[in-house]
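In what follows, a structure is listed as structure tokens, so that the remarks can point back to it.
In what follows, every heavy atom counts, from backbone to side chain, and hydrogens, waters and symmetry copies are set aside. Per chain, numbering begins at 1; letters A, B, ... match sequence-line order. Worth saying up front: this structure is predicted, and the values here are computed from it rather than measured.
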Number of protein chains: 2
Amino acid sequence: MTKHEKSPRPDAAALALTGICMAHALRRATRVVSREYDAALARHGLTIGQFTLLAHIQRMTNPSVQAVADAMFMDQSAMSRGLRPLEKAGLVILRMDPADKRRRFLSVSDAGRIAFDAAAGDWQKVQSRLRDNLGSAEFDMLRKTLLTFERAEAE
Amino acid sequence: MTKHEKSPRPDAAALALTGICMAHALRRATRVVSREYDAALARHGLTIGQFTLLAHIQRMTNPSVQAVADAMFMDQSAMSRGLRPLEKAGLVILRMDPADKRRRFLSVSDAGRIAFDAAAGDWQKVQSRLRDNLGSAEFDMLRKTLLTFERAEAE
DNA sequence: GGCTATTAAATGCATATGCATTTAATATAT
DNA sequence: ATATATTAAATGCATATGCATTTAATAGCC
């Protein structure tokens, strides 16, 4: 039997996996949903990731890069880079901690607050639409369940 | 009042958003969960994204790039690039369609099937652990709900 | 004080992802 | 048949994300 032809093998694992893998379900839903929020926020020059990042920094008090990364269950290096566009756009301010020059204090600038507030209306539209589509009870349950996934602790 | 000081403004929108945004809940959970699958599959040289991609191609019959992208609710260009590492590793084969030279047929190579089968055991371990942690009923419900998010049709 | 361990953030490297555009090739209208 | 429209995949550009490592600076130990 030569290679790469018929391949009489409807692999059970492969068949099942496409339907049952939790990572796939999550990633796929994230792609679909992120695209919708991104489309709505595009006219404000923000992605949904940047929008939620602004929200997090706003509700924290002069957090460090690591602190925000922790709050969002994100890697420090990813956070470090994710801040770059917001910093360049002047929406977030990074100041060196005078007491510990390794650390930087993050804060949302006035421009950042303005941009956030302007985008919030469009965020709400998408959020409401999704909630209506899914049903409020199921929507809230889903969101709650998703937030139960905790970052695995490094032993 | 000078800029960037106290900022007496516990913005209601920002406060609420960090907790209720569906995109954030999804993205955060995806980060946490993907890291776990990735860690388990790393010794097979696969990411969870590549693993599920292999699963999808396997269960399709000589699909085109676009067809696989559609099946995974992914952009064609992202799929095009996502195939690269698998192709370089010889796990996926791209052949030109002789009847339409724009199109390429995708298929999983023997090496690809072997790698997939080898990784499947470790995939199962993570999947089972998560299911135990969340409870099988809630796990299955979550997965099912996530798969209800459909790609928004371009009108 | 001075050497070492630790820690915060940044970087190198790789994959993931989408939108707009380009390239190549097929399909269509005239 | 020929010019045009359409279509499949690839590319340019930008953000997103993680791991390992580097860089810079503080903390600890002797």
Minimum heavy-atom distance between A/Asn62 and A/Ser107, given as atom pair plus value
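A/Asn62 and A/Ser107 have their closest heavy atoms at OD1-CB, 4.2 Å.
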Considering all heavy atoms, the nearest B/Arg151-B/Asp75 contact
NH1-N, 4.1 Å
Interatomic distance where [atom1] belongs to [X] and [atom2] belongs to [N] [whole Å]:
X: B/Asp100; N: C/dT28; atom1: CG; atom2: P; answer: 12 Å
X: A/Met96; N: C/dA9; atom1: CE; atom2: C1'; answer: 13 Å
X: A/Asp97; N: D/dA27; atom1: CG; atom2: P; answer: 10 Å
X: B/Lys101; N: C/dA27; atom1: NZ; atom2: P; answer: 11 Å
X: B/Arg102; N: C/dA25; atom1: CZ; atom2: C1'; answer: 5 Å
X: A/Arg103; N: C/dT7; atom1: CZ; atom2: C1'; answer: 9 Å
X: A/Glu87; N: D/dA14; atom1: CD; atom2: P; answer: 17 Å
X: A/Leu83; N: C/dT11; atom1: CG; atom2: C1'; answer: 15 Å

May I ask you to say whether [X] pairs ionically with [Y], meaning some side-chain N is under 4.0 Å from a carboxylate O?
X: A/Arg129; Y: A/Asp132; answer: no
X: B/Asp140; Y: B/Arg143; answer: yes
X: A/Asp122; Y: A/Arg43; answer: yes

Of A/Arg104 and B/Pro98, whose closest DNA chain C nucleotide lies nearer the 5' terminus?
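Checking each residue's closest nucleotide, the 5'-ward one belongs to A/Arg104.
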Would you say CE of B/Met60 has more than 12 non-hydrogen atoms from neighbouring residues, nucleotides or ligands within 6.0 angstrom?
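Yes, enclosed.
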So B/Ser34, base contact, sugar-phosphate only, or nothing? Heavy-atom distance under 4.0 Å.
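Contact class for B/Ser34: none.
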A correct 5'-to-3' footprint of nucleotides 15-23 of chain D, with B, S and - meaning base, sugar-phosphate only and no protein heavy atom under 4.0 Å, is SSSBBB---
